[in-house]
Amino acid sequence: MAKPRPSKLEPAQLGFTPQRPVAWLSPLQLAATGARVAFAAQFGAYLDKRELQNAFPTKVHDEHAECEDLWLDYVADLGDGFNATYSMAYLVAQDDLDVNGNKLPRAEILVLGGDQVYPTASGKAYEDRFEGPYRAALPQAPSTPPPAVYALPGNHDWYDGLTAFLRLFARREGARIGGWRTRQTRSYFALKLPNRWWLLALDVQGAAYMDDPQLEYFRGVAATFEPGDRIILLTPQPAWVQSEQHPLYYDTIDYFLRAVIDPSGADVAMMLSGDLHHYARYAQSDDGRQLITCGGGGAYTAATDNLPEQITVPPKHSQVRRQSTGQPYELKQTYPTKMRSRWLGTGVFARLPWRNPGFATMLGILHTMLMLALNNAAGRIITVPIFLMTAIVMAATVFFAVGLTEGQTRTSAVVLGGLHGIAHIALGVGGMLLWRTLPFDDWKPWQISTMAVATYLIPAGVVAALLVSLYLLVAARFRVNVNELFAGQGIEDFKCFLRMHFTPDGALTIYPIGIDRVGRRWIAQPTGSWFRPSRPLRPRLIDDIITLAPAARHAAPPAEIPSDTIDASTIAQTA
């Protein structure tokens, strides 16, 4: 007997537990994230399972290569709070979407671009933050064969060494996620698409090298390319805009282009990534190579006002001896717009204390201890308690600036962190002077401490949180703690994804779709998705419709392919 459809957002009915968005500035979350990042950095080589995947089946996924036309969705950074994640899942699951007068049918292929779960990967986290919402959005396969889903791991999928990711997405027999069916057998994959289009998804994290089995896999795939074939290159991070802070990030991609793609005579029409939680498109021309970041699948909205108007790819400060010739690219569009992004940044004063009550509480405890240390000094400037509390405050603020600003080693981060610490000490002195105006002089120390916890801790925590908010707003102008400015706010709105149409004439039409407001209240329905939003979602185009030309009919012959390239027929025939 079939299980009845859920009527409420209750775990007993759903089979999973809807989650609130991650409170990224929660003290426990900050500590856990810092520990996991450090652990991954120190022991990443021991956790890396990419080379072990050489024993997994190799396959070029060509199930849709002979279709007359094809629709494909791209969603990234999705496994966070239920409202935002389900809103995007609901949109991609509908039979069709009306977007600015264009009726766009549901895609036959769903590609997930990374970070399918937050904050770290585990079987339970995937179930609650990704599988459950997507199963609720498309409970049954709408067609035969069912639509396919492919996933590229992001850094949050990597924190357990890809264990949970591979168990979910890379089963030999495939797995069902609601109405979608997984097909890949490795953490990287190649899709052969209609009319000589290809999608290559590379599993390269940060400055990590490309493992030999993965490199050989793609060399074998490239051996089947015809000159002029068009490539969509999928990467976990938009290295083209991260190279200033991370000079090595683009080097692996550039090596892949020079060693694998260029000898084949194929043309990379688009590079696509998530990781940064916004939409941004760089291009030399509207019909030239597109560099697109589209990370609006469910995680908190990230800033766009800090993006440069022009970039050079590969970056000029690359550290490799050989590199491709740098080409200039211009920023064509962002979502949210830069003006909206600046406006959203100013909302930190209202959102940060409310979204992160644990963080405000921690600040309240810290400032209560600082005030009591200053108050007990009896006119002395330096005491052991004052020294300890001052050292703790300064160390915490400098670490907050330097340690949480990824890739940041500039002096500006240390200076801003130090000034932030001095501001908190000044706030503590002000709190001590205010406290001394109260009639507590004759009280015993334990009574004063108890009264301070009861009356001073909460107001001090709120004021200190507002001071942190002011620091974040100022520091972001210097590109310090930009991520924390928006992570601390946890903005769920302004989400986006791409719907792509491979047309019968061989062209690729890309519809960048966004919603300004995600659903927050859900109503059970008898058919289709388990729940619909009480207020209809309003998808709209967030950029011009992008049209990329078909594969070239007559192209120059490819350069000689290295003799150590594996036999492509082996890849194509192995299941």
Side-chain angles (χ1 to χ4, degrees), residues 25-31 34-35 38 348-349 352-353 356-405 408-478 480-481 484-485 488:
L25 294 189
S26 162
L28 292 177
Q29 185 59 54
L30 281 173
V348 65
F349 297 101
L352 188 145
N356 304 273
F359 184 68
T361 301
M362 179 190 70
L363 291 175
I365 295 171
L366 187 66
H367 271 271
T368 300
M369 295 172 65
L370 177 61
M371 184 274 292
L372 290 174
L374 294 168
N375 188 55
N376 291 330
R380 289 170 292 175
I381 298 177
I382 296 294
T383 64
V384 172
I386 291 177
F387 176 80
L388 288 176
M389 291 308 304
T390 301
I392 289 172
V393 169
M394 294 300 296
T397 53
V398 171
F399 172 79
F400 190 77
V402 179
L404 297 185
T405 302
Q408 185 62 265
T409 58
R410 294 178 303 176
T411 304
S412 57
V414 178
V415 172
L416 286 167
L419 293 175
H420 185 203
I422 292 172
H424 277 281
I425 293 170
L427 178 60
V429 172
M432 178 268 293
L433 295 175
L434 179 62
W435 183 260
R436 286 185 176 178
T437 64
L438 302 176
F440 298 143
D441 292 341
D442 298 330
W443 288 29
K444 296 179 180 180
W446 70 267
Q447 293 175 319
I448 294 176
S449 299
T450 302
M451 181 59 68
V453 171
T455 61
Y456 184 86
L457 189 151
I458 294 178
V462 173
V463 174
L466 295 176
L467 177 58
V468 172
S469 300
L470 177 61
Y471 158 77
L472 290 173
L473 200 60
V474 173
R477 300 302 100 194
F478 298 89
V480 174
N481 287 126
E484 284 69 38
L485 174 62

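The basis for the numbers below is simple: all heavy atoms, side chains too, and nothing from hydrogens, waters or symmetry mates. Everything numeric here is computed off the predicted structure, so don't read it as measured data.
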Peer 1: Can you find a pair of side-chain heavy atoms, one from Asn376 and one from Thr383, that are under 4.5 Å apart?
Peer 2: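 Result no, sub-4.5 Å side-chain heavy-atom pair not found.
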Peer 1: Sub-3.5 Å donor-acceptor pair from the side chain of Asn356 to the main-chain atoms of Leu25, do we have one?
Peer 2: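 Between the backbone of Leu25 and the side chain of Asn356 there is a qualifying donor-acceptor contact (under 3.5 Å).
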Peer 1: Distance from Leu374 atom CG to Ile386 atom CD1, nearest 0.5 Å?
Peer 2: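 Here the interatomic distance stands at 5.0 Å.
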Peer 1: Looking at Thr397 and Gly418, would you say the former's side chain and the latter's main chain have a donor-acceptor pair under 3.5 Å?
Peer 2: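 Here the side-chain-to-backbone pair does not exist.
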Peer 1: Around atom CD1 of Ile458, are there more than 12 heavy atoms from other residues, nucleotides or ligands closer than 6.0 Å?
Peer 2: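 Count not over threshold, so no.
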Peer 1: Take atom CE of Met362 as the centre, draw a 6.0 Å sphere, and report whether it contains more than 12 heavy atoms from other residues, nucleotides or ligands.
Peer 2: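 Counting other residues, nucleotides and ligands, CE of Met362 exceeds 12 neighbours.
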Peer 1: Identify, with sequence neighbours excluded, every residue that meets side chain to side chain contact (heavy atoms under 4.5 Å, CB included) alongside Leu434.
Peer 2: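 For Leu434, the residues satisfying side chain to side chain contact (heavy atoms under 4.5 Å, CB included) (neighbours in sequence not counted) are Thr437.
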Peer 1: So how far is it from His424 NE2 to Leu427 CG, rounded to the nearest 0.5 Å?
Peer 2: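 That separation rounds to 7.5 Å.
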Peer 1: Checking Leu470 against Leu466 for the side-chain contact (heavy atoms from CB on, under 4.5 Å) test, could you report, in this order, the C-alpha distance in whole Å, the side-chain angles of both residues, the deciding distance, and whether it holds?
Peer 2: CA-CA 6 Å; Leu470 177 61; Leu466 295 176; over 6 Å; no
Peer 1: Quick one, Thr455 and Trp435 - any side-chain contact, counting heavy atoms below 4.5 Å?
Peer 2: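 Touching, per the 4.5 Å side-chain cut-off.
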Peer 1: Just to verify, what does Phe400 make a ring-ring contact (aromatic ring centres under 6.0 Å, His included) with, not counting sequence neighbours?
Peer 2: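 Applying ring-ring contact (aromatic ring centres under 6.0 Å, His included) to Phe400 gives none.
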Peer 1: Distance-only, no hydrogens or angles: does the Asn375 side chain make a donor-acceptor pair with backbone N or O of Met371 under 3.5 Å?
Peer 2: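 No, Asn375 side chain to Met371 backbone: no donor-acceptor pair under 3.5 Å.
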Peer 1: Testing the basics here: between Gly417 and Ala401, what is the closest heavy-atom pair and its distance to 0.1 Å?
Peer 2: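 Of all heavy-atom pairs spanning Gly417 and Ala401, the closest is CA-CB, 3.7 Å.
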Peer 1: Just wondering, do Phe359 and Val468 contact through their side chains at under 4.5 Å, heavy atoms?
Peer 2: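 Yes, at least one pair of side-chain atoms sits under 4.5 Å.
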Peer 1: What residue pairs, at least two apart or across chains, pass ring pair (Phe, Tyr, Trp, His ring centres under 6.0 Å) with a residue in residues 444-466?
Peer 2: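 Applying ring pair (Phe, Tyr, Trp, His ring centres under 6.0 Å) to every pair that reaches into residues 444-466, excluding sequence neighbours, yields nothing.
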Peer 1: Could you check whether any side-chain heavy atom of Gln447 comes within less than 4.5 Å of a side-chain heavy atom of Met451, counting everything from C-beta outward?
Peer 2: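 Not touching, per the 4.5 Å side-chain cut-off.
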Peer 1: At their closest point, which heavy atom of Phe349 faces which heavy atom of Pro353, and how far apart are they?
Peer 2: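 That closest heavy-atom pairing would be O-CD, 3.4 Å.
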Peer 1: Do you know the tightest heavy-atom contact between Ile365 and Leu457?
Peer 2: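 Minimum heavy-atom separation between Ile365 and Leu457: CG1-CD1, 3.7 Å.
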Peer 1: Distance from His367 atom NE2 to Leu467 atom CG, nearest 0.5 Å?
Peer 2: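 His367 atom NE2 to Leu467 atom CG measures 6.5 Å (nearest 0.5 Å).
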Peer 1: Determine the minimum heavy-atom distance between Thr390 and Ile425, stating which atoms define it.
Peer 2: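 Looking at all heavy atoms of both residues, the shortest contact is CG2-CD1, 3.4 Å.
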Peer 1: Would you say Tyr471 and Glu484 make side-chain contact, with heavy atoms under 4.5 Å?
Peer 2: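 The answer is no, as the side chains (C-beta and beyond) never meet within the 4.5 Å cut-off.
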Peer 1: Which pair of non-hydrogen atoms, one from Ala452 and one from Thr368, has the smallest distance, and what is that distance?
Peer 2: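 Nearest heavy atoms, Ala452 then Thr368: CB-CG2, 4.0 Å.
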Peer 1: Report the C-alpha separation of Leu366 and Met389 in whole Å, then their side-chain angles, then the decisive distance to 0.1 Å, and conclude whether the side-chain contact (heavy atoms from CB on, under 4.5 Å) test is met.
Peer 2: CA-CA 8 Å; Leu366 187 66; Met389 291 308 304; 3.7 Å; yes
